[in-house]
Amino acid sequence: GGIVDLIPKRPLDYSYTSIQQQFGSWGLSRTTIDTTGPVAADKTWLYRVNLAYDRADSFIDFVNSKNVFIAPTLTFRPNDQFRFNIDYEYQHSEFVDKSMGIPAVGNRPAPVPISRYLQEPAYTQANPNTQDRHLVGFDWTYDFNKDWSLTNRFAFNDQRYGQHQYGTA
């Protein structure tokens with residue numbers, strides 16, 4: 001058991017931009033952008049946008065993944081007591097995974113290299129698994145004083161997954 005505390009990246013009242021590029025084993029490449037700041041000079045409207053793109057191959061032949069993530073958020077603060085946030089997230093993933101496992105010979109795993117891909121690569125490369133996720137949410141808070149406040153939150157998540165496998169009976 002346990003608790004997961006999710007803290008979203010909220011807009012800041014000053015301009016800030018961060019760009020990161022990462023590289024790793026098996027062709028991993030990840031690019032992220034985080035930009036935020038005021039929309040209006042009086043800082044009543046603030047924005048923040050997080051973007052990410054990554055792709056990677058694997059130590060297993062023909063296994064790979066590509067991911068796109070976009071998350072804009074907008075904050076309205078007309079005074080020190082009230083704040084309203086609206087959030088949106090979009091994530092698209094395409095991947096070819098090793099879902100077949102290692103076949104058995106008798107009562108033991110077959111002696112195949114760990115990098116062996118056991119599906120039909122022409123099919124799985126042309127028809128990768130996909131996942132699309134959209135999340136829309138808002139929250140507002142009104143502070144009555146330093147000890148009392150009222151908060152309302154709402155979120156809607158829509159997720160779709162498509163899996164393609166090739167096999168023979």
Side-chain angles (χ1 to χ4, degrees), residues 1-60 62-99 124-165:
I3 295 175
V4 176
D5 187 14
L6 299 176
I7 301 172
K9 286 185 166 183
R10 289 290 174 219
L12 303 174
D13 63 359
Y14 58 90
S15 294
Y16 169 82
T17 299
S18 170
I19 300 172
Q20 292 184 343
Q21 181 65 54
Q22 298 170 303
F23 299 98
S25 302
W26 296 291
L28 171 69
S29 173
R30 178 175 170 84
T31 304
T32 60
I33 299 171
D34 178 8
T35 186
T36 185
V39 175
D42 63 0
K43 299 183 181 181
T44 56
W45 288 96
L46 308 171
Y47 78 93
R48 190 162 199 159
V49 179
N50 282 278
L51 307 165
Y53 174 78
D54 64 78
R55 72 159 314 281
D57 294 321
S58 172
F59 65 91
I60 301 169
F62 306 107
V63 171
N64 59 62
S65 66
K66 289 184 264 187
N67 299 293
V68 174
F69 178 75
I70 302 167
T73 187
L74 195 59
T75 296
F76 177 58
R77 293 186 323 192
N79 56 49
D80 290 340
Q81 291 177 288
F82 182 78
R83 58 199 166 276
F84 175 82
N85 300 295
I86 187 161
D87 304 302
Y88 174 73
E89 288 183 8
Y90 171 71
Q91 184 174 11
H92 174 77
S93 301
E94 290 183 11
F95 54 96
V96 175
D97 62 358
K98 181 183 177 187
S99 59
T124 57
Q125 293 292 305
N127 300 285
N129 299 328
T130 59
Q131 181 174 335
D132 285 296
R133 185 177 66 86
H134 298 268
L135 178 115
V136 178
F138 71 83
D139 65 89
W140 59 262
T141 299
Y142 184 83
D143 297 323
F144 294 101
N145 57 44
K146 68 180 184 79
D147 297 318
W148 289 90
S149 66
L150 178 65
T151 299
N152 180 21
R153 291 188 175 96
F154 171 80
F156 172 76
N157 186 42
D158 179 41
Q159 191 165 343
R160 295 168 194 261
Y161 180 77
Q163 183 174 21
H164 303 276
Q165 288 185 328

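Because the structure is predicted, anything quoted here is derived from the model rather than measured. Note: hydrogens, waters and symmetry copies are ignored here, and every other heavy atom, side chains too, is used.
For the atom pair CG (L74) and CZ (R10), the distance works out to 10.5 Å, reported to the nearest 0.5 Å. Annotation: the span from N152 atom CG to F84 atom CZ amounts to 9.5 Å, rounded to 0.5 Å. Between the CG atom of L46 and the OG1 atom of T36 there is a distance of 6.5 Å, given to the nearest 0.5 Å. Between the CG atom in D13 and the NZ atom in K43 there is a gap of 4.5 Å [rounded to 0.5 Å]. Between N64 atom CG and Q125 atom CD the span is 5.0 Å, to the nearest 0.5 Å. One distance of note links CG of D54 with CG of N67; it measures 4.5 Å at 0.5 Å rounding.
Counting only heavy atoms from C-beta outward, the side chains of T130 and Q163 never approach each other to under 4.5 Å. The side-chain heavy atoms of N129 and D97, taken from C-beta on, include a pair separated by under 4.5 Å. In this structure, F95 and P128 have side chains that are not in contact, with every pair of non-hydrogen atoms separated by 4.5 Å or more. Contact check for Q22 versus L28: no side-chain heavy atoms found under the 4.5 Å cut-off. In this structure, the side chains of Q131 and Q91 stay at 4.5 Å or more apart for every pair of heavy atoms. Residues K66 and Y53 meet the side-chain proximity criterion, which asks for heavy atoms closer than 4.5 Å. No side-chain heavy atom of N85 sits less than 4.5 Å from a side-chain heavy atom of F138. Two residues are said to be in side-chain contact when any heavy atoms from C-beta on lie closer than 4.5 Å; R48 and L12 meet this criterion.
F156 and F154 have their aromatic ring centers separated by at least 6.0 angstrom.
More than 12 heavy atoms of other residues, nucleotides or ligands lie within 6.0 Å of OH in Y161, so this atom counts as buried by the packing criterion. Residue-environment remark: CG (D80) stays at or below the threshold of 12 foreign heavy atoms within 6.0 Å.
Listed for the N145 side chain is a donor-acceptor partner under 3.5 Å among the backbone atoms of D147.
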- Please lay out, stage by stage, how I70 and E89 fare under the test side chain to side chain contact (heavy atoms under 4.5 Å, CB included). CA-CA 6 Å; I70 302 167; E89 288 183 8; over 6 Å; no

- Task: Please assess D87 against D139 for the test side chain to side chain contact (heavy atoms under 4.5 Å, CB included), listing each intermediate value before the final yes or no.
- Result: CA-CA 9 Å; D87 304 302; D139 65 89; 4.1 Å; yes

- Evaluation steps, side chain to side chain contact (heavy atoms under 4.5 Å, CB included), between Y88 and H134: CA-CA 7 Å; Y88 174 73; H134 298 268; 2.7 Å; yes

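Evaluation of the salt bridge (Lys or Arg N to Asp or Glu O under 4.0 Å) rule for R55 yields D57 as partners, not counting sequence neighbours. Scanning for side chain to side chain donor-acceptor pair (under 3.5 Å) contacts around T151 gives T141, with sequence neighbours left out. Under the salt bridge (Lys or Arg N to Asp or Glu O under 4.0 Å) criterion, R153 pairs with no residue, sequence neighbours left out.
Closest approach of S29 and F23 over heavy atoms only: OG-CE2, 4.0 Å.
Using bins of under 30°, 30° to 60° and over 60° for the plane-to-plane angle, the ring pair H92/Y90 lands in the parallel bin. The aromatic rings of F82 and F76 stand perpendicular to each other, their planes meeting at an angle above 60°, with 30° marking the opposite boundary.
Between the side chains of Q21 and T31, at least one donor N or O lies within less than 3.5 Å of an accepting N or O.
Looking at T35, T73, T75 one by one, the single match for side-chain contact (heavy atoms from CB on, under 4.5 Å) with Y47 turns out to be T35.
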